[in-house]
Amino acid sequence: MDNQLSNTINNLSESETLAMTRMSRELIAEGKDVISLSIGEPDFNTPQFIKDAAIKAINENYTHYTPVPGYPELRKAISTKFKRDNNLDYTPEQIVVSTGAKHSLANIALSLLNPNDEVILPAPYWVSYKEIVKLAGAKHVSIPSSIEQDFKVTADDIKKAITDKTRMVWFSTPCNPSGSVYTKSELEDIAKLIAQYPHIIIVSDEIYEHINFNDKHESIAQFDYIKDQVVTVNGVSKGFAMTGWRIGYIGAPKWIADACTKMQGQFTSGTSSISQKAAQAALEADSSCTLEMRKAFEKRRELVLNLMSDIPGLKLNNPKGAFYVFPDVSSYFGKTDGKTIINNASDLAMYLLNEGLVALVSGDAFGDSNCIRFSYATSEDILIEAIKRIKNTLALLH
Ligand code: PMP
Ligand code: GLU
């Protein structure tokens with residue numbers, strides 16, 4: 001039968017993080033002992049007090065449709081959180097709760113972008129940004145960086161990419177996949193630049209806020225002169241180990257919040273009532289559970305960097321946040337084990353999966369074809385075994 005799917009879906013790529021995770025699940029089902037480090041998901045379970053809040057919500061019949069942008073008490077809790085943690089003033093009316101930060105991002109793109117608008121994505125960028133921009137009919141403009149720049153771009157780099165079609169600059173800090181964290185002064189430089197272009201919106205994805213090994217998380221919306229041009233995106237998936245609950249949110253100028261509410265009113269009617277109650281408990285709590293998880297991630301980062309620095313040919317940065325390392329593996333390009341030739345990072349990811357039984361994600365998915373992403377959101381024993389496998393497998397290549 002002819003392909004009867006829409007052009008939209010035919011043009012959309014499958015999420016490569018999820019595709020790699022699917023492939024490793026298939027190999028595991030065939031009986032292969034694959035270690036999957038392909039998905040960025042905390043291995044911790046959701047803290048008990050958050051689960052208790054959800055059970056209470058069910059018993060108290062929070063089981064109906066909620067207001068489209070979220071329960072007022074949750075939006076109030078988010079407004080308080082923004083002030084407490086980030087010194088940002090967002091009223092509850094400027095907050096929209098959605099089905100994961102991924103959905104928040106889709107709302108923003110579909111609400112603000114027109115065909116042929118350009119969205120600047122400093123690379124490496126999170127895998128879904130490009131596809132979400134494409135879904136909105138717009139074009140992404142990638143700005144390269146490299147490990148030598150700690151995978152960060154400067155205001156000057158952004159300036160060179162701005163055209164009269166630029167509508168957004170979109171990035172994450174801490175960054176998935178590089179783990180890089182923009183400093184306050186780097187953000188200030190970007191804020192000063194974008195303030196000169198009042199029609200450009202900054203989408204600041206801060207979902208890894210709590211997994212930041214620097215002193216303090218910095219939000220670009222803290223600079224008053226840019227705040228009306230910023231959408232701050234966050235959620236509970238990473239910091240509170242709540243990936244399956246699907247709660248993300250934005251703080252934004254009211255006209256953008258209203259547009260996102262209108263958008264999701266037609267798509268989801270708002271997100272799960274029970275998850276919203278759980279998220280409220282998470283956001284109102286003190287920071288002890290997030291701190292504990294952050295400490296565990298920091299210890300794993302040290303372990304991974306130590307063990308990986310022993311592998312010849314890998315170039316590593318020192319990620320200051322999130323739970324990924326993003327080594328430059330280009331020294332392996334052109335090498336072979338006598339049967340398979342490694343031409344690029346995707347070949348290497350497939351080689352490590354098939355020969356080494358470790359699933360990683362090629363940097364191509366993130367706009368950097370020299371690198372490969374390794375998630376260390378798993379136990380130390382598994383990390384040690386995975387790195388041993390990677391080292392032994394890479395040693396087969398000459
Ligand atoms: N932004 C970034 C940078 C991410 O890594 C993720 C993780 N999936 C998301 C957004 C989406 O998070 P979620 O939809 O689980 O809230
Ligand atoms: N953010 C995670 C990752 O980058 C989750 C997977 C996804 O949503 O694509 O792996």
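Quantities reported herein were computed from a predicted structural model and do not represent experimental measurements. Side chains included, hydrogens not; waters and symmetry mates left out as well; all remaining heavy atoms used.
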Which heavy atom of [X] sits nearest to which heavy atom of [Y], and what is that distance?
{"X": "D43", "Y": "S379", "value": "OD2-N, 3.8 Å"}
{"X": "I108", "Y": "M168", "value": "CG2-CE, 3.8 Å"}
{"X": "S98", "Y": "Q264", "value": "OG-OE1, 2.7 Å"}
{"X": "R373", "Y": "G40", "value": "NH2-N, 3.6 Å"}
{"X": "I200", "Y": "Q229", "value": "O-NE2, 2.9 Å"}
{"X": "V181", "Y": "E186", "value": "O-OE1, 4.1 Å"}

To the nearest 0.5 Å, how far apart are [atom1] in [X] and [atom2] in [Y]?
{"X": "I78", "Y": "L88", "atom1": "CD1", "atom2": "CG", "value": "13.0 Å"}
{"X": "K160", "Y": "I143", "atom1": "NZ", "atom2": "CD1", "value": "9.5 Å"}
{"X": "T290", "Y": "I211", "atom1": "OG1", "atom2": "CD1", "value": "9.0 Å"}
{"X": "S79", "Y": "Y249", "atom1": "OG", "atom2": "OH", "value": "11.0 Å"}
{"X": "S330", "Y": "L348", "atom1": "OG", "atom2": "CG", "value": "10.5 Å"}
{"X": "E188", "Y": "T183", "atom1": "CD", "atom2": "OG1", "value": "9.5 Å"}

Using a 3.5 Å distance criterion without hydrogens, assess whether the side chain of Y182 forms a donor-acceptor pair with backbone atoms of S172. no
Under a 3.5 Å distance rule, please check whether T340 uses its side chain to pair with a backbone N or O of T336 as donor and acceptor. no
Start with the C-alpha gap between N86 and K81, add the side-chain angles, then the distance that decides, and say whether side chain to side chain donor-acceptor pair (under 3.5 Å) holds. CA-CA 8 Å; N86 315 113; K81 175 257 173 275; 2.7 Å; yes
For [X] and [Y], which I'm curious about, is there any donor-acceptor pair between the side chains at under 3.5 Å?
{"X": "E302", "Y": "N306", "result": "no"}
{"X": "Y125", "Y": "N176", "result": "no"}
{"X": "T232", "Y": "Y90", "result": "yes"}
{"X": "E209", "Y": "N234", "result": "yes"}
{"X": "T154", "Y": "D157", "result": "yes"}
{"X": "S272", "Y": "W245", "result": "no"}
{"X": "Q276", "Y": "T66", "result": "yes"}
{"X": "E206", "Y": "S219", "result": "yes"}
{"X": "D347", "Y": "Y332", "result": "no"}
{"X": "N392", "Y": "K388", "result": "no"}

Under the ring-ring contact (aromatic ring centres under 6.0 Å, His included) rule, collect the residues that match up with Y208, sequence neighbours excluded. F323, Y324
Set of residues satisfying ring-ring contact (aromatic ring centres under 6.0 Å, His included) with respect to F49, sequence neighbours excluded: none
Tell me, please, whether F213 has K320 positioned over its six-membered ring: NZ or CZ under 6.0 Å from the ring centre and within 45 degrees of its axis? no
Could K192 and Y225 be counted as a cation-pi pair, given that NZ or CZ must be under 6.0 Å from the ring centre and within 45° of the axis? no
If you count heavy atoms of other groups shown closer than 6.0 angstrom to CD of Q266, is the number above 12? no
Flag the pair [X] / [Y] as yes when at least one side-chain heavy-atom distance between them is below 4.5 Å, and no otherwise.
{"X": "L112", "Y": "W255", "answer": "yes"}
{"X": "L303", "Y": "L383", "answer": "yes"}
{"X": "K315", "Y": "S331", "answer": "no"}
{"X": "K299", "Y": "K295", "answer": "no"}
{"X": "V68", "Y": "V96", "answer": "no"}

Any chance you could lay out the salt bridge (Lys or Arg N to Asp or Glu O under 4.0 Å) test for E60 and K56, step after step, and finish with the verdict? CA-CA 6 Å; E60 289 179 354; K56 185 161 174 270; 3.6 Å; yes
What's the verdict on salt bridge (Lys or Arg N to Asp or Glu O under 4.0 Å) for R22 and E26, showing C-alpha distance, side-chain angles and the deciding distance? CA-CA 6 Å; R22 177 177 50 73; E26 285 164 7; 3.3 Å; yes
As a quick check of understanding, evaluate side chain to side chain contact (heavy atoms under 4.5 Å, CB included) for I132 and Y129, giving each step before the final call. CA-CA 5 Å; I132 292 174; Y129 293 170; 5.7 Å; no
Identify each donor-acceptor pair in which a side-chain atom of residues 360-371 lies under 3.5 Å from a protein atom, sequence neighbours left out, and give them as a table.
unit_1, atom_1, unit_2, atom_2, d
S362, OG, S346, N, 3.4
S362, OG, S346, OG, 3.1
S362, OG, D364, N, 3.1
S362, OG, D364, OD2, 3.2
D364, OD2, S346, OG, 2.7
D368, OD1, N370, N, 3.0

Test E131 against S128 for side chain to side chain donor-acceptor pair (under 3.5 Å), laying out the working first. CA-CA 5 Å; E131 296 304 315; S128 291; over 6 Å; no
When you group the ILVMFWY residues by side-chain heavy-atom contacts below 4.5 Å and let the links chain together, are W126 and W170 in the same group? yes
List for me each residue that meets salt bridge (Lys or Arg N to Asp or Glu O under 4.0 Å) alongside [X], sequence neighbours excluded, and say none if there are none.
{"X": "E118", "result": "K139"}
{"X": "E41", "result": "none"}
{"X": "R389", "result": "D33, E385"}

Might you work through the salt bridge (Lys or Arg N to Asp or Glu O under 4.0 Å) test for K262 and D258, ending with a clear yes or no? CA-CA 6 Å; K262 184 172 168 192; D258 288 346; over 6 Å; no
S145: which of S180, S178, P124, C175 passes side-chain contact (heavy atoms from CB on, under 4.5 Å): P124
In sequence, state the C-alpha distance, the side-chain angles, and the governing distance for Y62 and Y71, and then conclude on ring pair (Phe, Tyr, Trp, His ring centres under 6.0 Å). CA-CA 10 Å; Y62 283 94; Y71 282 127; 5.7 Å; yes
Verdict with reasoning, E73 to K76, per salt bridge (Lys or Arg N to Asp or Glu O under 4.0 Å): CA-CA 5 Å; E73 55 275 26; K76 174 97 195 350; over 6 Å; no
Should K216 and E218 count as an ion pair when the cut-off is N to O under 4.0 Å? yes
Given the side-chain rings of F240 and H210, with only the six-membered ring counted for Trp, is the space between their centroids under 6.0 Å? yes
T393/E355 under side chain to side chain donor-acceptor pair (under 3.5 Å): CA gap, chis, key distance, verdict: CA-CA 7 Å; T393 310; E355 298 296 323; over 6 Å; no
